[in-house]
Protein chains: 2
Amino acid sequence: MGGAAPSATTGGFALIGNMVSHDETRSEDAPAQPPVRPTLKTIARLAGLGVTTVSRALHDAPDIGEETKARVRRLAESLGYQPNRAGVRLRTGRSHVIALVLATEAEELGINSQLIYGISEALSSSTYQLVVMLHDPSADPLGPVRNIVEAGAADGILFARIEPDDARVRFLTERGVPFATHGRTSMGIVHPYFDFDNEAYAESAVRRLASLGRRRLALVGPPPHLAYARHMATGFCRGISALGLEKVSVEGIDTDSPHERIQAEVQRLMQRADRPDGIVSGGAVAALSVTAGAEAAGLVLGSDFDVVVKESSDLFRKFRPAIETAREDFRAAGRWLAQAIVGRIEGTVDADTHFLDVPRIEVSETMEERMAAGGIR
Amino acid sequence: MGGAAPSATTGGFALIGNMVSHDETRSEDAPAQPPVRPTLKTIARLAGLGVTTVSRALHDAPDIGEETKARVRRLAESLGYQPNRAGVRLRTGRSHVIALVLATEAEELGINSQLIYGISEALSSSTYQLVVMLHDPSADPLGPVRNIVEAGAADGILFARIEPDDARVRFLTERGVPFATHGRTSMGIVHPYFDFDNEAYAESAVRRLASLGRRRLALVGPPPHLAYARHMATGFCRGISALGLEKVSVEGIDTDSPHERIQAEVQRLMQRADRPDGIVSGGAVAALSVTAGAEAAGLVLGSDFDVVVKESSDLFRKFRPAIETAREDFRAAGRWLAQAIVGRIEGTVDADTHFLDVPRIEVSETMEERMAAGGIR
DNA sequence: TAAGGCTACTGTAACGTTACAGGAAAGAAT
DNA sequence: ATTCTTTCCTGTAACGTTACAGTAGCCTTA
């Protein structure tokens, strides 16, 4: 592990001295009595049965008597028996682990927490555990995915930030390892995925801006190497042509660009004669930078221009109600993905399961008021 | 697993039909050739050595010849040998798992992602894996912590949202299970922790507001059951009395309260004759609600009142530069905690290791400009 | 009465690893 | 020539689980 580690004595940071003089706070009665965990053997001994019988009883096998099963179950319950994961894993080769591989790149305001909450929530009633790993996509494109497969570290893998032609999807399909993704490729490989319909989002965002009287629109989309960048661009262009609007191109920035870059580019754009009067943003953080840029150009949100954004928290409602939002629920996505991957592992879900989340632009209160008060500008 | 699961055929959601007609995209050549993972036995056979020797060679045991070690290592390397976690775990009783227990409560803008990134980052070069579990604190206060211990699911446990008298800290100390926390109790039990100095934060926030000419201050602190609520209150009061300022009490809300509640309470407060002119917020999301409430009362940020906030992202710099911030780095906290818990497990770090993160209020550009332009109002 | 077929249970082996108790070979000391 | 040391390696057993091949006892069926 790199970086400064807590040292054995006081640590390399600005550490504070001992607060208590004793080494252990309470250690007078028992030095260490690790309460031995019950195993199948424990139960077998107590029930006067063979270990195999106990195992099969707990698995509700058909060749064990009903009364015996009940007795074994009661005993296991009262002892607080929990199967030893290592034993099961060693014997069956199944780890009961789901790996979530996260990119280390700039993150959109806690979407990964939400994803993790959803996955954990769905897994909490199962025997599966969630392990989280970091992936630096600038290094090996396969990254931890290859490692997980080669080390047999998980029964199934989840990941996001899918590319149109994704090396991980190809690799895992070849290896026959169960996986599910947030986002979809354009490779034609069948696998479970959850995706937000970014094409529909962008198109309805355009329609929304048009209904506000906006005619010249720009898109700040996701990084172009990601699959959903295309979807969003497609929807955006479709909306533009369907409504006969004008498209203003934005160059060199995406929703992952640093604040300063986005702000500067938008400011430059907004100072042009043919400046856009409506902007569709692919992400919440970028929308802030966009707004800051437009305001730096002397324009007023809701009067000189409008912004529609896709967000996962309800942050904008709190402080920028004039920005219209489409909500993407990452917690629900996490739940779905967890169930899909477990289903794939256990063979109860088809490979072609997928879910396309339909976006709905939420009209903000302020906007409602605006329209009630004065109609569309 | 509760909730709607992806069904075996097409799923219970708004699913879309098959995109590809074939069952598997490529399965013409080999039906399934799971490339058998090498074990110690594989290496032993190839090297003409005993399994024990290979194991000891890879562990760099002193009683193995240097040349043999080198040979074994080369062989292991070339085969891509990775020790089987289940075998190791079964034999040694060590899971090489660190559990992170997260509360399901309202989260401050992705701090848990940052924590997870930090932990994963630090663990990525070790043999430890991070598993994440959810904890509903309204249910069993011990929650998954007890489960982890009873199931032997992890070698060490990390958690946050510490209470002054924390049942989990007591339980784990009694059981002798290694753990480390983000936040500290007031129980006098010695254990590793990382904490942000919220007392110092609140005091310097007060000083900052005073230097802006603010005289009547209010605190919107964390939920009172959490340990750091006391720290923050202490620092706040200390600052107030040291500078001879006035304290305006805020009733019934904390940083976890819903937006509407905070906004309404702050609005009410700001309409009183003895309204505060400076507010210290314990969290970024709450600060938005606070500002919204004050603005709803017709007041102007930076002119009628100022806000100082503790945040973990640099969100405020992007859209509310007039709000002063102290940065709390959760990713660094995660790194520290990971190293501390591994150190505890392996016995290389003392139980009293801890780190108190010193807060620094970052003076925003706008504020600098404000002061350069007109001095303190 | 014997053969066949159930029902309900059991022992053995193996998954991959490491602790432990050895032990052979070679050199050093007596 | 014998004993002791040191060096380097090995076999066995065990962790907890489950697949598999059995088996004892009993009840049918011919």
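In what follows, chains are A, B, ... by sequence order, proteins preceding strands, each numbered from 1. What you see is a predicted model; the values in this text were computed from it and never measured.
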Let me see the working for A:E77 and A:R74 under salt bridge (Lys or Arg N to Asp or Glu O under 4.0 Å), right down to the final yes or no.
CA-CA 5 Å; A:E77 172 78 18; A:R74 270 199 309 275; over 6 Å; no
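As a whole-Å value, the separation of A:R85 CZ from C:dC15 C1' is 17 Å. Protein atom CD1 of A:I64 is 18 Å distant from nucleotide atom P of C:dC6, rounded to whole Å.
Looking only at atom types and distance, the side chain of A:Y117 has a donor-acceptor partner in the side chain of B:N112 under 3.5 Å away.
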Contact string for nucleotides 16-24 of chain D, one letter per nucleotide 5' to 3', B = base within protein heavy-atom range under 4.0 Å, S = sugar-phosphate only, - = neither, reads BBBBB----
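Side-chain atoms of B:S55 do not come within 3.5 Å of backbone N or O of B:V51 as any donor-acceptor pair. Looking only at distances, no side-chain donor or acceptor of B:R344 sits under 3.5 Å from a matching main-chain atom of B:T353.
Using cut-offs of 30° and 60° on the angle between ring planes, the pair A:F355 and A:F194 is tilted.
At a threshold of 4.0 angstrom between heavy atoms, the contacts of B:G48 are confined to the sugar-phosphate backbone, with no base atom among them.
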